[in-house]
2 protein chains.
Amino acid sequence: MHALQQARTVARSVTRGRGLATLNNAPPAGKSPTAIVMLNMGGPSTVPETHDFLKNLFMDGDLIPLPFQSLIAPWIARRRTPQIEQQYADIGGGSPILRYTRLQGDRMAALLDELHPATAPHKAYVAFRYAKPLTDETAAEMKRDGVKRAVAFTQYPQYSCSTTGSSLNELWRKGKAGGIGEGVEWSVIDRWAKFDEATRSDVVLMFSAHSLPMSVVNRGDPYILEVSASVAAVMDRLKHSNPYRLVWQSQVGPSAWMGMQTGEALKGLARLGRKKVVLVPIAFTSDHIETLYELDLEYVKEAREVRPFIVRLVWQLD
Amino acid sequence: MHALQQARTVARSVTRGRGLATLNNAPPAGKSPTAIVMLNMGGPSTVPETHDFLKNLFMDGDLIPLPFQSLIAPWIARRRTPQIEQQYADIGGGSPILRYTRLQGDRMAALLDELHPATAPHKAYVAFRYAKPLTDETAAEMKRDGVKRAVAFTQYPQYSCSTTGSSLNELWRKGKAGGIGEGVEWSVIDRWAKFDEATRSDVVLMFSAHSLPMSVVNRGDPYILEVSASVAAVMDRLKHSNPYRLVWQSQVGPSAWMGMQTGEALKGLARLGRKKVVLVPIAFTSDHIETLYELDLEYVKEAREVRPFIVRLVWQLD
């Protein structure tokens with residue numbers, strides 16, 4: 001594979017001076033590598049792979065849920081292929097993402113060998129969701145290498161169920177089907193944000209802000225970003241001690257509003273068995289109808305009916 | 001006014017021990033107060049004020065743009081009044097927001113007298129957008145007090161054109177109509193985030209992330225919050241040196257997606273005469289079709305047609 005050769009050459013030149021004679025693409029006999037499985041969407045490395053990439057993409061119900069997906073997806077993929085082929089031709093004859101991912105992975109594995117010899121050798125694998133190498137190809141390679149310890153490492157910095165979630169689901173299906181081998185010990189890096197699962201309380205902090213119509217959001221209003229930044233600042237201050245969500249309240253009228261809605265989120269947590277929730281109004285500076293009536297009387301009442309235990313937290317004056 | 005009396009009493013008891021004999025609700029003769037105008041939506045202090053509050057709210061095109069607004073707004077307000085009156089009755093016979101706002105304002109003015117004697121005396125005014133005291137009542141009070149220096153201080157921590165924007169527009173209209181008096185020197189606190197306007201570069205940092213369908217967002221996906229947190233972290237690192245926006249790219253299909261769209265945002269900045277933009281892909285870890293084709297070839301080309309100068313920034317490997 002040309003791209004891999006190129007990645008290895010570059011990786012070697014980059015790691016010179018670190019005292020690493022070779023990269024660990026061939027683990028020493030007797031010790032199986034710690035696998036770092038780099039998960040991403042992927043892209044067609046050559047223009048002719050475009051159709052299969054699109055078909056895999058439109059077949060993924062985690063990314064795009066379609067009615068009659070197995071019938072409609074191939075049709076959409078065929079129809080869109082010529083235009084997307086042209087786009088890949090325009091950026092140089094294919095997607096560079098496999099080349100870059102291997103480069104990043106090989107350099108990371110070399111660094112990990114230095115930083116954490118106890119789990120060496122480390123070997124980077126690439127598992128793309130829609131392009132080659134697909135998860136089953138990667139799984140077979142891991143099986144051949146006798147992998148016993150693996151880290152699923154998303155290349156999407158921020159979590160979404162449609163990206164990292166879809167890749168993890170695919171990995172789980174292949175593992176369940178026996179494709180990866182027996183007795184593999186997994187750990188998962190599912191986003192690049194700071195968090196500390198070990199010390200984390202199981203109380204969910206549910207930040208609730210007044211929603212906005214999507215017509216305002218789509219015009220470029222900065223409120224969604226600024227409220228999110230407020231939540232991130234609070235969570236930084238709390239050293240990410242708790243799981244948290246940002247949800248949106250007080251929608252009115254028939255038009256589309258920013259979600260997830262606070263009431264739906266409370267019901268959802270209750271369905272998941274999360275009974276301890278602190279509801280935090282994040283965009284209000286004093287009590288009024290939307291904190292006192294909607295949060296206190298409506299949402300908490302609804303939530304108590306489905307039985308989570310709710311504590312409400314408000315910034316009071318003293 | 002009962003609420004004001006109560007606020008003064010509480011504020012006095014709170015400031016005891018700070019060596020402040022009186023609060024500065026009556027500025028000394030000869031020196032006009034520095035006005036801190038607390039802007040908020042407001043709420044009906046008593047249940048019978050509910051109808052006027054709702055009517056003012058539905059009349060506000062900055063908050064809810066309606067077709068034939070001046071005809072439809074009164075009708076919606078009348079129809080919703082009974083239900084909302086009941087809600088205010090349920091939380092104790094009216095909105096507490098005026099009481100809390102005066103309390104916060106009076107304590108802040110007392111603190112400012114201590115912290116910044118050069119601009120003392122400070123006096124807090126309340127200008128609600130939909131409930132009493134409305135902006136024109138407040139403006140008349142400021143005029144009577146002979147205010148020459150004023151700070152418009154939003155009580156919405158995060159900026160939205162539908163909240164702080166609407167209040168500032170109202171203030172501007174009353175000022176233009178002469179309601180506040182001549183020669184008032186204004187400054188504006190339009191959000192509570194950190195920023196440093198004096199040293200700020202005029203290059204706009206436009207962070208672009210792959211969008212998500214609203215069906216996924218509304219199901220509670222954390223991606224929007226996590227991408228926003230990434231942007232906030234970058235801006236913190238840059239000490240908020242530039243104006244910035246978070247926009248969303250690569251929408252496909254007819255359903256609703258998270259916005260504002262990257263392409264629309266570039267055109268919008270060009271219309272505003274903002275010619276210097278750095279486009280920053282914030283949710284991608286390597287180049288691929290959406291950075292190379294959409295950002296490089298499509299958006300930058302479109303933007304150059306409307307003539308802003310664009311520099312693209314990508315995280316490369318070395």
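Here is the naming used below: chain letters follow the sequence lines, and residue numbers restart at 1 for every chain. Note that these values count all heavy atoms, side chains included, but never hydrogens, waters or copies made by symmetry.
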Turns out that what part of Val216(B) lies under 4.5 Å from chain A's heavy atoms comes down to side chain
Residue set satisfying side chain to side chain contact (heavy atoms under 4.5 Å, CB included) with Pro222(B), at least two apart, ordered chain then number -> Tyr159(A), Arg191(A), Arg245(A), Glu226(B)
Contact class of Trp248(A) relative to chain B, heavy atoms under 4.5 angstrom
neither
Of the listed residues (Leu212(B), Val252(B), Leu246(B), Val217(B)), which shares the most heavy-atom pairs with chain A below a 4.5 Å separation?
Val217(B)
Looking at Val247(A), Ile97(A), Thr164(A), which one has more heavy-atom pairs under 4.5 Å with chain B than the rest?
Ile97(A)
Options Pro65(B), Cys161(B), Gly43(B), ranked by heavy-atom pairs under 4.5 Å with chain A, top entry
Cys161(B)
Student check: side-chain heavy atoms of Tyr244(B) and Leu225(A) closer than 4.5 Å
yes
Top contributor to chain B interface from His210(A), Met235(A), Arg219(A) [non-hydrogen pairs under 4.5 Å]
Arg219(A)
Check whether Asp221(B) gets within reach of chain A through its side chain, its backbone, both or neither, counting any heavy atom under 4.5 Å.
side chain
Scanning both residues in full, the closest heavy-atom pair of Gly259(B) with Met214(A) reads N-CE, 4.3 Å
Rounded to the nearest 0.5 Å, the CG atom of Asp236(B) sits from the CG atom of Asp236(A) at a distance of 8.0 Å
Tell me, for Ser95(B) versus chain A, whether the close heavy atoms (under 4.5 Å) come from the side chain, the backbone, both or neither.
side chain
Might you point out which heavy atoms bring Ser228(A) and Ser228(B) nearest each other, and give the distance in Å?
CB-CB, 3.1 Å
Tell me, out of Pro213(B), Ala232(B), Gly94(B), Gly220(B), who's got the most heavy-atom pairs with chain A below 4.5 Å.
Gly220(B)
With a 4.5 Å cut-off on heavy-atom pairs, point out which of Met41(A), Glu264(A), Met258(A) contacts chain B the most.
Met258(A)
Euclidean distance, Asn218(A) CG relative to Gln251(B) CD, rounded to 0.5 Å
8.5 Å
